[in-house]
Amino acid sequence: MKCDPEPTAGGSGALTVAQQARLYEATRGLGELVELAVLLQTANARARELIEAESSAIMLLDPATDELFVPYVADVAPEVERRWVGVRFPADRGIAGAVLRSGQVELVPDVAADPRWYRQVDGQTGMVTHALLCAPLCTRAGTIGVLSLRNKRAGIFGPPDVALLSAYAQAVATAIDTARQLGGAREDAARLRDEVAALQGQAARGSSFGELVSHSAAMREVFRLLESAAPLPVTVLIHGESGTGKELVARAIHFNGPRRGRPFVAVNCGALTETLLASELFGHRKHAFTGAMTDRKGLFEVADGGTVFLDEVGDMPPSMQVQLLRVLQEGEVLPVGDTQPRRIDVRIISATHRDLPAEVRAGRFREDLYYRLAAFPIAVPPLRDRRDDIPMLVMHLVARTAERFGIAARHCTPEALERLCAYDWPGNVRELQNAIEYAAALAPDASIRPENLPALVRAARGETPRTPAPTNGATLREAREAFERDFIARVLAEHRGNASRAARTLGLSRVMLQRKIRAWNLRGRA
């Protein structure tokens, strides 16, 4: 739409010195109002006083619907102001629509005699309009709306009003354009801050397959499925008991796939109320609910281009299941309190400890949502079903705990390791990690002994009594050395002889590991 804010009726002429002074006062400080809502309210009120009209309305174009809408009105009657706000009408209708299309100022002294007059607006607002003075809001990008004045409070609109409004509307349009650009820049900066925070968080907790410490047969199938799922845009559902490392699996899929350079954000669907979960996932508009003081983007928008991990998705309330299904089907989210959906591009990985097919049969989980989420299922076995991994996990967790606590390196005595291997670990790897942290904090020196372990673990003896292996006259030191040699050989084999990776898993420096490799004539490479 062209912008040529010259009047088509009534003439204009140059502004007098008095008009210039009034225009200066009306426009003073508008360019400094960077909050669009404040700017519109202020500019609208000043327009009414500048031209001495009964009513002033800034009508903005909504390009998505090709409608003019009215965010603010200044009127002599407060009830009219209340009725005006939120009014929408087609952008090709009425005198305002004509001004929007022509880009020119218009003075219509008798609207009843003008065939373009859109009477429905008076019907909606309760106004009685006799005359209209409308000016286009012209920017470099085109006409963005119309500034409309209704009825002169004393007398009639004349050429001086036309000239004054034409100049004022140009100043207002420039201020709106600047505020919108600054608002867009602030939104971009906020989005970048959100994405940087998400990327920093994932860098700190980032995971590849290496974080999934295992050499057991039970986990080999998990690794095979991870390698298949990572490069594909398939929706993954991870099933497993609490504490089995389902989020590590999700991270491994993300970081080994094409979205690795974009955010990975996780949310526990069972830890938030329905309202907070909706706000967390989809975002909200200001004042959408108590405590919503500003607009906020949801995690789906923050993770645009990346991955959203929905932990404990089986605990999601039914109403939220409907909204999640819409995300999967339509690729769009609707913020709480908003009416306009927003397009997003995310990969969804979900996890649950619940039996979702049973939840579907019981009517607690939507069947259509289940089939959408479970396109590629992965089952993570509990720790009791992969006891072969416990010694390796213990070594890994002991080294990581010492580093995190800032204490000297620890190691488990064979007796402590036997208790750790014998315990059933109902809390899985998370419980094992807690037990290691507990023991590392209590150990008086570098050795974690049985008495340092939690009481439940200390009491573990295994399902059947162990038959001691023949000692063949070996000393305790020799037995420990034999265990260490065998264990390091297994870790090297798991990493195909790569000493650098094996050293990280073992919690040793590569130099120390190379010494042990040479001393015991093990097979390894740098």
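Numbers here simply count residues along the sequence, with the first being 1.
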**Report entry** Residues Ser447 and His411: side-chain donor-acceptor under 3.5 angstrom
**Finding:** yes

Query raised in the report: Do Leu432 and Leu397 come close enough that some side-chain heavy atom pair is under 4.5 Å?
Result: yes

**Report entry** salt_bridge(Glu221, Arg224) N-O dist < 4.0 Å
**Finding:** yes

Requested in this report: Mind jotting down which residue pairs meet the ring-ring contact (aromatic ring centres under 6.0 Å, His included) criterion with at least one end in residues 295-319? Sequence neighbours excluded, please.
Outcome: Phe282-Phe300

**Report entry** Contact summary for Ala379 and Val222, nearest pair of heavy atoms
**Finding:** O-CG2, 3.5 Å

Query raised in the report: With side chains defined as the heavy atoms from C-beta onward, is the minimum distance between Pro444 and Asn452 less than 4.5 Å?
Result: yes

**Report entry** Residue pair Pro391 / Leu417: nearest heavy atoms and the distance that separates them
**Finding:** CA-CD1, 4.0 Å

Query - Pair Arg384 + Glu241: basic N to acidic O under 4.0 Å - result: yes

Query - Sequence neighbours excluded, every pair satisfying salt bridge (Lys or Arg N to Asp or Glu O under 4.0 Å) that has a member inside residues 307-320 - result: Asp315-Arg354

**Report entry** Salt bridge Arg419-Glu415, side-chain N to carboxylate O under 4.0 Å
**Finding:** no

**Report entry** Side-chain heavy-atom pair Leu272, Glu280 within 4.5 angstrom cut-off
**Finding:** yes

Query raised in the report: Salt-bridged, Asp345 to Arg259, with N to O below 4.0 Å?
Result: yes

Query raised in the report: Yes or no on side-chain contact (heavy atoms from CB on, under 4.5 Å) for Leu276 and Thr273, after CA distance, side-chain angles and deciding distance?
Result: CA-CA 5 Å; Leu276 290 178; Thr273 65; 3.4 Å; yes

Query raised in the report: How many angstroms lie between CD1 in Ile253 and CZ in Phe376, if you round to the nearest 0.5 Å?
Result: 7.5 Å

**Report entry** Check: Ser56/Asn44 side-chain N/O donor and acceptor closer than 3.5 Å
**Finding:** yes

Report task. Could you check if a side-chain atom of Arg347 sits within less than 4.5 angstrom of a side-chain atom of Pro233, using non-hydrogen atoms only? Result -> no

Query raised in the report: Would you say Phe365 and Leu373 make side-chain contact, with heavy atoms under 4.5 Å?
Result: yes

Query raised in the report: Nearest 0.5 Å, what's the CH2-CG distance between Trp425 and Leu393?
Result: 10.5 Å

Query raised in the report: Of all heavy-atom pairs between Leu299 and Ala266, which one has the smallest distance, and what is that distance?
Result: CD1-O, 4.3 Å

**Report entry** Derivation and outcome, side-chain contact (heavy atoms from CB on, under 4.5 Å), residues Thr307 and Val265
**Finding:** CA-CA 6 Å; Thr307 300; Val265 295; over 6 Å; no

Query raised in the report: Within a strict 4.5 Å, meaning less than it, do heavy atoms of the Ile58 and Leu147 side chains meet?
Result: yes

Query raised in the report: Would you say the side-chain atoms of Arg262 pair up with the backbone N or O of Gly306, donor to acceptor, closer than 3.5 Å?
Result: no

Requested in this report: Supply the atom-to-atom distance Gln323 CD to Leu369 CG, rounded to the nearest 0.5 angstrom.
Outcome: 12.0 Å

Report task. Before accepting this row, confirm whether a basic side-chain N of the pair Arg88/Asp62 lies closer than 4.0 Å to the acidic partner's carboxylate O. Result -> yes

Query raised in the report: Could you go step by step and tell me if Asp177 and Ile144 meet the side-chain contact (heavy atoms from CB on, under 4.5 Å) rule?
Result: CA-CA 9 Å; Asp177 191 37; Ile144 61 172; 5.6 Å; no

Requested in this report: Find the distance between CD (Glu67) and CG (Asp92) and round it off to the nearest 0.5 Å.
Outcome: 10.0 Å

Query raised in the report: Would Thr143 and Leu61 satisfy side-chain contact (heavy atoms from CB on, under 4.5 Å), going step by step from the backbone distance to the final call?
Result: CA-CA 8 Å; Thr143 309; Leu61 176 65; over 6 Å; no

Query raised in the report: For the atom pair CE (Met320) and CG (Leu310), what is the distance rounded to the nearest 0.5 Å?
Result: 9.0 Å

Query raised in the report: Quick one: does Thr413's side chain get under 4.5 Å of Ile448's, heavy atoms only?
Result: no

Query raised in the report: Taking atom CG of Leu383 and atom SG of Cys421, what is their separation to the nearest 0.5 Å?
Result: 9.0 Å

Query raised in the report: Is the backbone of Arg372 close enough, under 3.5 Å, to the side chain of Gln329 for a donor and an acceptor to pair up by distance?
Result: no

Query raised in the report: Taking atom CD of Glu403 as the centre, does the number of heavy atoms from other residues, nucleotides or ligands within less than 6.0 Å exceed 12?
Result: no

Requested in this report: State whether Glu301 and Arg342 are salt-bridged, where the test is any N-O pair (Lys NZ or Arg NE/NH1/NH2 against Asp/Glu carboxylate O) under 4.0 Å.
Outcome: yes

Report task. Not counting sequence neighbours, list each pair that qualifies as a salt bridge (Lys or Arg N to Asp or Glu O under 4.0 Å) and has a residue in residues 428-440. Result -> Arg404-Glu437

Requested in this report: Give a yes or no on whether the backbone of Thr352 and the side-chain of Lys246 come within a donor-acceptor separation of less than 3.5 Å.
Outcome: no

Report task. Determine the minimum heavy-atom distance between Val333 and Pro335, stating which atoms define it. Result -> O-CD, 3.7 Å

Requested in this report: Locate the shortest heavy-atom distance separating Val360 from Glu367; write the atom from each residue and the value.
Outcome: CG1-CB, 3.7 Å

Report task. For Phe405, look at atom CZ and say whether over 12 heavy atoms of other residues, nucleotides or ligands are found less than 6.0 Å away. Result -> yes

Query raised in the report: Do you know which two heavy atoms are closest between Gly305 and Val346, and how far apart they sit?
Result: N-CG1, 4.4 Å

Query raised in the report: Arg343 side chain to Glu330 main-chain N or O, any donor-acceptor pair under 3.5 Å?
Result: yes

**Report entry** Any side-chain heavy-atom pair of Gln433 and Arg400 under 4.5 Å
**Finding:** yes

Query - Side-chain donor/acceptor of Asn428 to backbone N/O of Ser242, under 3.5 Å - result: yes

